[in-house]
Q: 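Sharing a structure here in structure tokens format.
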There are 2 protein chains.
Amino acid sequence: MAGTASRGRRERLRAETTAEIKDVALELMASGGPGAITLRAIAREMGMTANAIYGYFATRDDLVTALVNDVYGELADALDTAGAKAPANDPAARIRSWAGTFRAWALDNPEGFRLIYGDPVPGYEAPTGGAAPEAARRACLSVTALAAAAWPHAERLHKGSEFTWSDFDPDLVEKIRPAFPDLPPAAVALALRLWARLHGLVSLEVYGHLHTQTTDPDKLFREEVAQLVRSLGIPPLS
Amino acid sequence: MAGTASRGRRERLRAETTAEIKDVALELMASGGPGAITLRAIAREMGMTANAIYGYFATRDDLVTALVNDVYGELADALDTAGAKAPANDPAARIRSWAGTFRAWALDNPEGFRLIYGDPVPGYEAPTGGAAPEAARRACLSVTALAAAAWPHAERLHKGSEFTWSDFDPDLVEKIRPAFPDLPPAAVALALRLWARLHGLVSLEVYGHLHTQTTDPDKLFREEVAQLVRSLGIPPLS
DNA sequence: GCGAAAACTATACGGCGTGAAGTTTCTGCA
DNA sequence: TGCAGAAACTTCACGCCGTATAGTTTTCGC
């Protein structure tokens with residue numbers, strides 16, 4: 001039994017060290033931007049040698065990928081709960097809640113936002129497939145819930161839609177259709193456009209391109225969300 | 001007269017070398033991403049020492065800033081001509097042309113797009129003020145022309161707007177008001193939102209986040225532009 | 001033609017990711 | 001309990017990066 005206890009211990013230590021590496025990396029990112037994520041800096045902070053980290057992550061990019069996964073997961077969680085917070089029969093409120101949470105998260109975690117949506121780190125190249133697209137699909141599912149809630153109102157504005165299920169990633173479709181059996185492909189397209197529309201304003205703000213044009217990004221964002229709700233055909237004062 | 005000719009020669013050579021440095025930097029960026037812009041690589045390509053470049057740019061970031069300025073200028077030019085290509089009395093066509101050009105430019109010059117709108121290069125920190133915001137305002141002016149063309153239709157949808165000129169950057173206002181004397185602040189807000197809305201979809205596509213969700217980003221973009229035009233209250237088949 | 005200035009090179013420092021080899025510590029089994 | 005082997009970690013090395021300093025060559029203006 002000492003054996004199994006020891007194996008458990010070894011594995012636990014390993015998991016703890018792995019977690020600590022990621023934590024330190026996130027701290028470095030928070031204080032110095034994604035560019036501050038370097039193996040040497042992490043090792044320094046932990047009182048180790050840089051090469052020791054190679055026992056936990058085969059390469060620096062693997063570490064960054066793991067971080068992206070974690071951070072994206074947090075974002076997806078936040079969006080999920082934000083979307084579900086407002087009553088299901090009030091799509092406008094759901095959208096406002098979701099959008100506000102998205103922007104707030106991005107402004108609170110600008111480095112995380114960059115990590116997910118930008119060039120995260122010097123020379124980092126995201127793996128094709130893997131964890132990040134998975135998290136993206138989770139976020140997408142979350143915004144699809146918004147589109148589904150708004151669809152009864154928005155449907156008439158999308159009569160001529162030519163979208164089919166084959167226009168979307170199979171993995172995404174596989175997640176969406178069970179969750180929203182009656183939703184047509186056009187609504188998924190709406191969800192993606194909705195997401196992108198908010199992403200545009202938020203990413204311009206996070207990267208500082210909005211500050212140089214407007215002094216009140218918040219007002220601009222509220223206006224955008226209001227017009228977005230209106231453009232979905234949702235009756236006002238719902 | 002040899003003197004003035006010589007001075008001219010010296011300055012001309014200097015200008016040529018400066019231009020060559022930037023050209024090589026752009027080539028490196030095109031082939032290896034923004035991260036490939038290194039003084040040593042440029043110097044290698046030019047048969048010089050890395051330090052020689054310091055005679056032309058005080059620091060690597062200064063070089064990147066100059067590149068951002070150039071590239072952003074090209075984009076702004078392309079957008080200007082695209083917007084002006086369609087007849088002034090057909091705002092929908094102008095928007096379609098502008099939007100299509102924006103996306104096409106971004107997909108043709110993904111590295112340039114990242115250079116402008118992302119973390120351009122390892123550890124690069126954009127200067128506050130300077131050339132980039134200037135170029136951003138040019139692009140903003142260009143999109144404002146779209147908003148101005150659409151404003152007669154869109155105005156009724158922005159009745160309750162609370163925007164004032166003080167919500168915008170003074171330099172931007174100074175450029176806009178002479179060019180569009182009758183335009184209210186709300187239309188500038190509309191312009192910024194319009195720009196951001198397209199930026200969202202394009203940046204997600206350039207950074208590869210759309211590929212993992214949809215197989216036909218082009219269709220999605222066309223749908224977005226169509227709905228955008230509709231949401232501006234522009235009558236169809238104009 | 002000559003003094004000065006500009007352009008450029010040489011050398012060096014510290015930081016980066018990463019590979020190979022060596023050392024210590026821990027684990028599981030006889 | 002002792003010991004083979006694996007896992008964790010260190011040391012050393014290489015080539016990359018930006019950049020500071022000092023020295024050298026070329027060119028210009030008088």
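Because only heavy atoms are used, hydrogens play no part in the values below, and waters and symmetry mates are left out as well, while side chains stay in. In what follows, chains carry the letters A, B, and so on, assigned in the order in which the sequence lines appear, proteins first and then strands, with residues in each chain numbered from 1.
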Q: Could you write nucleotides 10-19 of chain C as a row of B, S and -, 5' to 3', where a protein heavy atom under 4.0 Å of any base atom gives B, of only sugar-phosphate atoms gives S, and otherwise -?
A: BBB---BBBB

Q: Please give, in whole Å, the distance from D:dT26 P to B:M48 CE?
A: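 One finds 15 Å between P of D:dT26 and CE of B:M48, rounded.
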
Q: Check salt bridge (charged side-chain N to carboxylate O under 4.0 Å, His left out) between A:R222 and all other residues, then give those that pass, not counting sequence neighbours.
A: A:D218

Q: If you define the side chain from C-beta out and look only at heavy atoms, does anything of A:L228 sit under 4.5 Å from A:L198?
A: yes

Q: Rounded to the Å, how far apart are A:E16 CD and D:dA8 C1'?
A: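 In whole Å, D:dA8 C1' lies 15 Å from A:E16 CD.
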
Q: Quickly work out the B:M46 CE to C:dC8 C1' distance and round it to whole Å.
A: 12 Å

Q: Could I get the full list of ring-ring contact (aromatic ring centres under 6.0 Å, His included) partners for B:F102, not counting sequence neighbours?
A: B:W98

Q: When you measure from the side-chain N and O atoms of B:R14 to the phosphate of C:dA7, is any distance below 4.0 Å, counting only OP1 and OP2?
A: yes

Q: What I want to check is whether the side chains of B:Y117 and B:Y207 have a donor and an acceptor closer together than 3.5 Å.
A: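 Short answer, no.
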
Q: Taking the side chain from A:H199 and the backbone from A:R193, do they hold a donor-acceptor pair closer than 3.5 Å?
A: no

Q: Measure from CZ on A:R12 to P on C:dT27 and round the result to the nearest Å.
A: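 Atom CZ in A:R12 sits about 10 Å away from atom P in C:dT27.
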
Q: Roughly how many Å is it from CD1 in A:I21 to C1' in D:dC9, rounded to a whole number?
A: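 Rounded to whole Å, this separation is 12 Å.
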
Q: Out of the candidates A:L67, A:D70, A:N109, only one should pair with A:L26 under the side-chain contact (heavy atoms from CB on, under 4.5 Å) rule; please name it.
A: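 Option passing the side-chain contact (heavy atoms from CB on, under 4.5 Å) with A:L26: A:L67.
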
Q: Would you classify A:Y56 as touching base, sugar-phosphate or nothing, given that sugar-phosphate means primed atoms plus P, OP1 and OP2, and contacts are heavy atoms under 4.0 Å?
A: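 Sugar-phosphate: the residue A:Y56, judged by heavy atoms under 4.0 Å, touches backbone atoms but no base.
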
